[in-house]
Structures are given as structure tokens and as C-alpha cells.
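Encoded as C-alpha cells, the structure appears first; notes follow it.
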Amino acid sequence: MTPPKKKATAKKAVTKKAAADKAASKKKTTGKKGASGEAASETAAGQTAAGTKATVEEAAAAAEEVAVKKPGKSNRPKKPSSPETPPLDPALDPALGAADRERLLHGTHHDPHSVLGAHPVPGGIVFRALRPYARSVTVLSGDLRAELHDDGDGFFSGLLPLTEAPVHRLLVTYENTTVETEDAYRFLPTLGDLDLHLIGEGRHEQLWTVMGARPTTHQGVSGTAFSVWAPNARGVRLAGTFNFWDGTGYPMRSLGSSGVWELFVPGIGEGELYKFDITRPDGSHTLRADPMARRTEVPPATSSIVHASHYEWGDAEWLARRAEIPVHEAPFSVYEVHLASWRPGLTYRQLADQLPAYVRDLGFTHVELMPVAEHPFGGSWGYQVTGFYAPTARLGTPDDFKFLVDALHRAGIGVLMDWVPAHFPRDEWALAEFDGRPLYEHEDPLRAAHPDWGTLEFDFGRREVRNFLVANAVYWCEEFHIDGLRVDAVASMLYLDYSREPGQWTPNEHGGRENLDAVAFLQEMNATVYRRSPGVVTIAEESTAWDGVTRATHHAGPSGFGGLGFGLKWNMGWMHDSLEYMSHEPVHRRYHHHEMTFSMVYAYSENYVLPISHDEVVHGKRSLVSKMPGDWWQQRAALRAYLAFMWAHPGKQLLFMGQEFAQGAEWSEVHGPDWWLLDPAYGAEADHRGVRDLVRDLNTVYRAAPALWQLDTDPAGFQWVVGDAAEDNVFAFLRYDAEGSPLLSVSNLSPVVRHDYRLGAPDDVPAWHEVLNTDAAGYGGSGVAHADPVKPEPQGHHGRPASVRLTLPPLATVWLRPA
């Protein structure tokens, strides 16, 4: 329906007033959705309790005194005033003054509730409404029916000789329909004083419960409460499908110095699209998506959607036992997934039918989801977020995403998600200069502009911005039952000079390059998440040697800073060094031996995850198997040996999708993993299936062997057997569990079989049994194995009282446990 044009002159208003009177003579008004988008009522326009049509005079009689007075105009005869109601002052004009009209029409009024709705004045109660495109507006209250005067430009007003403002509704007549609705400007704010105090202090840990769009019942009326933080705005109006994206009739009120604007709109419910029409300080307008929106349109559309969750969780048992064992003392192997491309075309609910079963079969303890928060450009993989509180609509609704998380939990799989609080894109409908001035970004352009990605960095020194982000971390954990947040790009947050040349950054108050605001934010975020969500883990992607990433926030280190408070940290050094070593031809590896052993120099400085992530298999870096030198057999053998070395190394494991079956091509978000490699009709299917079978067995043995995870952060859990056999390309070490039971890991990263290779061993283990061998024929190896237990000999070696002699398969890793 095309909305009728707005009336502009008093002459036109009189003509349309007469037409409205004529329309009111009908017996009944058909309820339709009109130009305002409000739900129409089947209540007859101007009908009395007896069911007969009422004129203005009859309505006045029913209320004992009702008049709509205008100075200089002849009113219809009125009944004598009753003793309970004061007489009208004929000199009082209830119409808005020019200044208020102008501010409302231009979207610069900070308190529309003070002039719209019902208000006591000398002589009675004045009613005012702003209804663009309406032909008439009638006040309804009990038996009272009083048509307001058309003041032009969508304004209607009238003065009723009442002693107090009644609970009232409005009957609004448009060109083709009439609707009955609550008056949005008769309601109190939906945010209380405590909410505003906490917001002002930057300490509202459940910010999403009071901001954004929240379907609710307020003062006994159903509708949606809208609120937005825009402290620099001259005015904010609400625009959406319910008002044909014309916010003129929906001005929001400013709640004092909080910078929050608020409006409760009755009759508006789930599924409505909306944005905020913000008047900038210079008077121009900008239409913005809700920063706190819980649901969005499917990109490239950008509107926010009113949403309320109706999901009923079934993972109570998972949540109850999640915190039983600290993460760093538990098995933790992670399968990293880009949901949109894991099985392209699947929705959240369809993924719930396949992903949990696949991950459970492979034995991973957790999945890590690349960012699921809404983002406009799919090629960013979710790392440039515009909707921090909304799961991407590409795959379904927020409740659909909850269904997927629930399915993973019921399959015994934890859910981690990438979280991106470092920066945001510059899209003009999102956060950038949200209310006309820098708000979420730093006011200093040098601090605001991210030098690498063309994005904007958050102003971590502003308490409301910190609150927005800290509450967002809590939101994903509490509302979506997320088990861990992997925080992206932490290094870019910590350093003022990150990717900046001299002169492009300003030292902190101590003259250093540390971003003290970012440090304080990360400490607050971690402390809040761990306090509110037992069992949840936070993981830092931090690529430097910042001291104390996983140290408690209240423990100061040598630098004088308290720890950042993360639970785990990605070990980027191990990843780069070990992949560099594996990329060399075996004949040259002797010169790079230290690249595989250096990680043990600092292995206990933090609580580490060993990540082979998406970043390592894109942009020309080649897939994991393609990094390995040699022919196809050697590449697969080296990959298998490397994975087993990784699983035995102190720290937790992470592997990106597709690498579990030796995908040869780089990952692409367009088509995802090359699943066809596992098609039995494909000639080399067995080669790829063999690697996947190894990954399954790695996880199975890993979970059953506490020596591989129980003391990951304790030096007592690791001992080198031989770490300097550079000429042989051999690495051997022992892992211990809390009871002292060992596991021996031996890697031969040369392409030759090494017979009778002597290794030092404890003398209290009577025999060793091979529990995993990456050269097994079932994995595609040559089948060199130890079928029988290996008994130690009393001959000491490598500084140990006993030794074992092993046959080391080529390009392979072998695990042995006490028989």
C-alpha cells in the first residue's frame, strides 16, 4: 500500500476533517493494516457503549464534559461542565508551538514524551499526537470518544476538561483504513535508574537485556522496547516496516546524560525490520542498524529484526559437568570450522544433523567456529563484524544457531567461537561514526584506523564501549551456551605501535608502547566471563611474547602488569617454527633441527594451544599436506608423522577442516573442503581416508592417555629423551600423567628406516607396547611396526639407567606406553 501524502496546509486539513467526519458516520470500520503499519482493531470508530454512532457532542455527554476547543473557531454546542471537571480556558490553544513542531518534524527533539501524549494543563488534559499521513485521530478511553483537531503536518491536538490523564488509546483514520492503537507517548521509560547508572559506569554486564529491541509487556501492554546509545545525536527516531521507514511519527526520548534514547512501541512484535534514524550534530540524518540487534536481515540487506528467543535447551547435563576439570588439565583437541562452507548450502539446523556426528566420530573434544556474528562481506570469513549480538542470518535464525550448539553439546562436544573485539568495518549503516562523531572508535584518527585491514579500532578507554564488548562476551556464553571464546587479533590491541611507523602513534602515559586501555579491557572481559560462566575458557590469538597472557589478572609480572587473564593462548611460535622445519627436504632438516625443539624453551611460559588454523592454508600458503616436500607418498607420510608429533607435544591441539583428510588444495570459503576426495569412486580415496583414520586414532589414544594432557602446563609432565639428534632427524621425549605413568613419543622425520635405534628409557617400566604408529599400512604407510612388546635393556643411554632398541619407520611417529 502506498501511504497517502502528508497534509501541508490548514485549508487541506479542513477539507480532510470534513471527509473524516463523513467516514465516521459508517456503522463500523474494517480493521486492516494501514499506512502506519499498526495492527487495526475492529472497534467501531466513534461508537458508544450502547453500540450506536456518537457525534462529538454525544461523546462529550457520555464523558460528562468533552470539548475540542480552538481559539477563533466556532465549536459545536457543549454540555454544562460537571462539578468534577474544571471549565475550559477558551484562550488556551492545545496545539504545539512552532519550536516543538519544528524539532519533531526535523528529528531533533530530545523529549517527545513531554509534548506528545496526554498532559495536565490549566483547564484540563491536553492530548497531542503526531501521525503523519493520518486524516483524523480520535482519543478513546472507556466510553469517551473525542476527535482531535488536525493542526497540519501530521499533528493533532485537543483539550479535554478532565482532572487527570486517563489510560487512553488512539483511533487513527487513514485514506483507506482506520486502526486502533495504544499511544506510545503515554508510557514510562523501560530502563530504570539502576540500568542507567550501570550503563553510565560501564558495568551493565547484561546490557542486551535493556538495550536494542526487546519484545516485552510494559505497563500491561504488549509491544517492543527500543533503546540505543547515541550521546552525540541531536535526536533519534525509529524507522521500520511498521511505519514504512518514515520515522517522523516515532521520535525517541533522551534519558538524561546516559546518552541512551528510548521508545516503547505498543503492538509491534517479532519479525519487524527496523533501524535508527539519527540526527547528527550538524543536522544531517543517518539511518543505522541497531548495534545491539539480536537478529539481522540476510546480507547484503542490512536492517535489524525484532527478535525474542523461544528455544528450549536440552544441554543441562553438559553445562553441569563442564566445569568439573580445568580446561588446561583436561583433554582438549579442537576441530576448526567455517560453518558457511563446511557443507556449503546447509543451514544451522541441517548442520546440526551432520557436524556433531562427524566431529564425534573423529574424536575431537571441541569445535571452534570461525566468527558467527553478523558480517556484511562473506570473504572476510566473519572477521569484520557489524552485528556483534546477532548470529549471521545466512544460515538461519538465532534459535536455529542455538539448536546447533545444543546438538553439539548433546553429542559431548564443546563449542568455541572466534570473537573479534579488536576492530570493526567502516560501513556507513553500522558502527563507524555512529551518531555523527567517533563513538565506538577512538576520536584520534591515528588511534582509530587499523593500519592493516582498513577497519576501525574500538576505543577501549571509553567505559560504554568496554561495556558493549564485555557484555557481548557474556552474551554469547550465557544466551548461546558457548563454551569458549577465541579472541582474535589480540596483539593488534595490545600495542600502540602495531603496524605503525614512528610518528604514527603516541606513547602511553608512561612513555611506553603498550595500549593500557586495551590491557584493562581484556582483563575486565576475562575476569567477568570467568566469574559469570564457570567452565568457559577464553583463548588469545596473541602472536608476540607479551608477558602473562594466561596469568591471573591480579598477579603482576616482571613488566609490572597484571596478567591478561586468558585461559589459553595460541602458540604461534611453535606453529611457524614447526611448519618451517617440515617444509624443508629431509636432507636439509638437520640444519633446522632447533625449529622443532625451541618451543620447549618457553612451553610453560603460558597455557598453550598448538594451532594449525585456517590462516595457514590460504593466501598461497598451500594446504597442510602440500607444505610437505617429496612425492605424494612422502607428503602423506610426513603429514601423518607431524600430526602425531603435534598431538604428543605439550599443549592443546587445533586442526582446521579439510586437513584431517589431507586436502591438497587451499581452503576457499566459496566451496569449502574437497569432500569428493573421500568418495570411494575416487582412485586415491584410500590415501585420504587413511589420514582421516589416523586423526581419529590420534584423538582416541590421546583422550585415553592422561600423560598427553593432564600436565600440559606443568614442566613435570615432559622430559626429553633425545632432542639433539639433528643428523638423524629424530625427536624422542616422555610425557607423564599426574600419577607418573609415562608415554614415549618417537619421531623419525627422515625417509629411511632406522633399525635398532637405541633410546634411553626409565628402568621401572618392564615393557613398552606400541599404541600408535603413523606408518601403519591402514593409514597408507609402509607397515614397519613393533608387533611385540619392547623390553628395556639394562644398558644406560641418554643419561638414563636403561634403554630400548626400536626400529623407527620412515617419516613416522610412534607412541609407546607401558605394557
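Note that the structure is predicted; figures quoted are calculated from it, not measured.
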Partner residues of H366 under the side-chain hydrogen bond (donor to acceptor under 3.5 Å, both in side chains) criterion, sequence neighbours left out: none

Verdict with supporting geometry, D497 and R500, salt bridge (Lys or Arg N to Asp or Glu O under 4.0 Å): CA-CA 5 Å; D497 63 345; R500 293 178 171 90; over 6 Å; no

Interatomic distance, Y581 atom OH to L749 atom CG [nearest 0.5 angstrom]: 4.5 Å

OG1-CG distance between T713 and L711, expressed to the nearest 0.5 angstrom: 7.5 Å

4.5 Å side-chain heavy-atom contact, M628 and M582: yes

Within 45° cone of W570 ring axis and under 6.0 Å: R486 NZ or CZ: yes

Interatomic spacing from CG in D763 to CZ in R800 - rounded to 0.5 Å: 10.0 Å

Centroid-centroid under 6.0 Å between Y358 and W342 rings: yes

Whether over 12 other heavy atoms sit under 6.0 Å from Y604 OH: yes

R590 and E727 ion-paired at < 4.0 Å: yes

Audit row: K652, E368, salt bridge (Lys or Arg N to Asp or Glu O under 4.0 Å) steps and yes/no: CA-CA 13 Å; K652 311 306 181 183; E368 180 177 315; over 6 Å; no

Y602, OH: over 12 other non-hydrogen atoms inside 6.0 angstrom: yes

Interatomic distance, R817 atom CZ to S745 atom OG [nearest 0.5 angstrom]: 13.0 Å

Centroid-centroid under 6.0 Å between W546 and Y495 rings: yes

Sub-6.0 Å ring centroid separation between W632 and H688: yes

Ring centres under 6.0 angstrom apart (Y682, W676): yes

Pairs flagged by salt bridge (charged side-chain N to carboxylate O under 4.0 Å, His left out) wherever residues 785-799 is involved - sequence neighbours left out: R758-E793, E793-R805

D712/R735 salt bridge by N-O under 4.0 Å criterion: yes

Validation row, ring centre F718 to ring centre Y736 under 6.0 Å: no

Side chain to side chain contact (heavy atoms under 4.5 Å, CB included) between T538 and Y530, intermediate numbers included: CA-CA 8 Å; T538 59; Y530 277 103; 3.3 Å; yes

Ring centres under 6.0 angstrom apart (H338, W667): yes

Geometric cation-pi criterion, R343 with W675: 6.0 Å, 45°: yes

Polar side-chain atom of E457 near backbone of H450 as donor-acceptor pair, under 3.5 Å: no

Heavy-atom check, side chain of L654 versus side chain of L610, under 4.5 Å: no

Presence of salt bridge, R322 and D483, under 4.0 angstrom: yes

